[in-house]
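Structure, as C-alpha cells:
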Amino acid sequence: MCNSKPPSKLVMLMALLSLSFLLCYGVEKVHCSTVHENNQDFHSLLDFKKGITNDSNGAMSNWTNNTHFCQWNGVKCTLTPPYRVTELNLTGNDLAGRISTSLGNLTYLSLLALPNNRFSGPIPPINKLQNLSVRLLYLYL
Ligand SMILES: *[C@@H]1O[C@H](CO)[C@@H](O)[C@H](O)[C@H]1NC(C)=O
Ligand SMILES: *[C@@H]1O[C@H](CO)[C@@H](O)[C@H](O)[C@H]1NC(C)=O
Ligand SMILES: *[C@@H]1O[C@H](CO)[C@@H](O)[C@H](O)[C@H]1NC(C)=O
Ligand SMILES: *[C@@H]1O[C@H](CO)[C@@H](O)[C@H](O)[C@H]1NC(C)=O
Ligand SMILES: *[C@@H]1O[C@H](CO)[C@@H](O)[C@H](O)[C@H]1NC(C)=O
Ligand SMILES: *[C@@H]1O[C@H](CO)[C@@H](O)[C@H](O)[C@H]1NC(C)=O
C-alpha cells in the first residue's frame with residue numbers, strides 16, 4: 001500500500017500494548033446478535049457515523065443495522081471470527097463532520113484513510129489504542 005500515490009499526510013504509529021480482547025461479554029448492555037456479534041466495533045463505527053453531518057455522496061448509505069458492519073462501505077475486517085475492523089477507508093467521499101474519538105476503540109485497526117473529505121475539529125487520539133500487540137497503524141488524513 002505504500003507505493004500508491006502519496007497521501008497528504010502519513011503517520012505510522014507503533015502501538016505497543018498488551019494483548020487482550022474485548023468481546024461480547026462483560027460490557028454493560030451488550031447482546032451478541034447474529035448480525036453484530038462484536039458490539040464494540042459496531043458501536044464504535046455507529047458513533048463515527050453519528051459524527052458525520054453531510055454525506056452528500058451517500059458513501060455511508062449501507063451503514064445500516066441490517067447489514068453486517070464488515071460489509072459497510074469502506075470497512076474491512078479480520079477474515080475469521082470474532083470479526084474485528086482492520087481497515088476504515090472513506091477516502092474522497094466529501095464527508096463533512098467530525099472524526100469520532102470512538103475510532104480509538106477499534107483495537108484491530110491497522111489502516112485509517114480519510115483524506116479528501118471535509119472533516120473539521122481535532123483529530124482524536126487514535127494512537128491511544130488499547131490492548132493490542134505490537135503492530136503498525138497507517139493513518140492517511
Ligand atoms: C483493556 O484491558 C483492560 C485490562 O485487561 C480492560 O479493563 C479494558 O476494558 C480493556 N479495554 C479495551 C478497549 O479492550
Ligand atoms: C452537503 O454537501 C453538499 C456537497 O458539498 C452541498 O452541496 C450541500 O449543500 C451540503 N448540505 C448541507 C446540509 O450542508
Ligand atoms: C441501530 O442500532 C443501534 C444500537 O443497537 C441503535 O442505537 C440505533 O437506533 C439503530 N438504528 C436504527 C436505524 O435502527
Ligand atoms: C456497501 O457499499 C459498498 C460500496 O458501494 C459495496 O462494496 C458493498 O458491497 C455494500 N455492502 C452491501 C452489504 O451491500
Ligand atoms: C482507499 O480506497 C480507495 C478507493 O477504493 C483506493 O483507491 C485507495 O487506494 C484506498 N486507500 C488506501 C490507503 O488503501
Ligand atoms: C470505548 O470503549 C469503552 C469500553 O467499552 C467505552 O467505555 C468508551 O465510552 C468508548 N469510547 C468511545 C469514545 O466510544
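We count ligands from 1, going down the list as the structure has it; atoms in each ligand are counted the same way. Computation of the quantities below employed the complete heavy-atom set of this structure, encompassing side-chain atoms and omitting hydrogens, waters and symmetry-equivalent molecules.
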Per-atom contact, atom 11 (N) of ligand 4, protein heavy atoms, under 4.0 angstrom: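 Given the 4.0 Å limit, the answer for atom 11 (N) of ligand 4 is yes, a protein heavy atom qualifies.
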Proximity of His43 to ligand 6 by residue part, where a heavy atom lies under 4.0 Å: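 Near ligand 6, His43 shows nothing, with every heavy atom at 4.0 Å or more.
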Ligand-side contact atoms (ligand 4) for residue partner Thr67, heavy atom cut-off under 4.0 Å: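 Every atom of ligand 4 under 4.0 Å from some heavy atom of Thr67: 13 (C).
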Contacting atoms of ligand 4, where contact means under 4.0 angstrom from a heavy atom of Asn62: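 That gives atoms 1 (C), 2 (O), 3 (C), 8 (C), 10 (C), 11 (N), 12 (C), 14 (O) of ligand 4.
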Less than 4.5 Å apart, side chain to side chain, heavy atoms only: is that true for [X] and [Y]?
X      : Y     : result
Leu46  : Phe69 : no
Asn105 : His43 : no
Leu111 : Leu88 : no

Any atoms of ligand 6 less than 4.0 Å from a non-hydrogen atom of [X]? List them with their elements.
X      : value
Asn105 : 1 (C), 2 (O), 3 (C), 8 (C), 10 (C), 11 (N), 12 (C), 14 (O)
Ser102 : 12 (C), 13 (C), 14 (O)
Gln40  : 2 (O), 5 (O)

Contact (N/O only, under 3.5 Å) between Asp47 and ligand 6: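 Min N/O separation from ligand 6 is not below 3.5 Å for Asp47.
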Among Thr67, Val75, Asn73, side chain to side chain contact (heavy atoms under 4.5 Å, CB included) partner for Gln71: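 Among the candidates, only Thr67 passes.
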Protein contact of atom 7 (O) of ligand 4 - nearest heavy atom, named by residue and atom, plus distance: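 For atom 7 (O) of ligand 4, the nearest protein heavy atom comes out as Asn73 OD1, 4.9 Å.
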Identity and separation of the nearest protein heavy atom to atom 9 (O) of ligand 4: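 Nearest protein contact, heavy atoms only, for atom 9 (O) of ligand 4 is Gln71 O, 4.6 Å.
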Test item, Thr101 contacting ligand 6 (heavy atom, 4.0 angstrom):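 Contact present.
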N or O contact, Trp72 vs ligand 4, cut-off under 3.5 Å: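 No, no N or O pair falls under 3.5 Å.
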Trp63 and Trp72 aromatic ring geometry - parallel, tilted or perpendicular at 30°/60° bounds: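 Correct class here is parallel.
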Distance in Å, Asp41 CG paired with Thr107 OG1, rounded so as to fall on 0.5 Å steps: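 So the CG of Asp41 and the OG1 of Thr107 are separated by 6.0 Å.
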Polar proximity ligand 5 side, Thr91 side, N/O cut 3.5 Å exclusive: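 No, since none of the N or O atoms of Thr91 sits under 3.5 Å from an N or O of ligand 5.
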Check: Ser44 main-chain N/O paired with Asp47 side-chain donor or acceptor under 3.5 Å: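 Flag not set: sc Asp47 to bb Ser44 has no pair under 3.5 Å.
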Donor-acceptor pair, side chain of Ser110 and main chain of Thr86, under 3.5 angstrom: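 Present.
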Smallest separation among heavy atoms of Thr91 and Asn89, with atom names: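 Distance-wise, the nearest heavy atoms are OG1-OD1, 2.6 Å.
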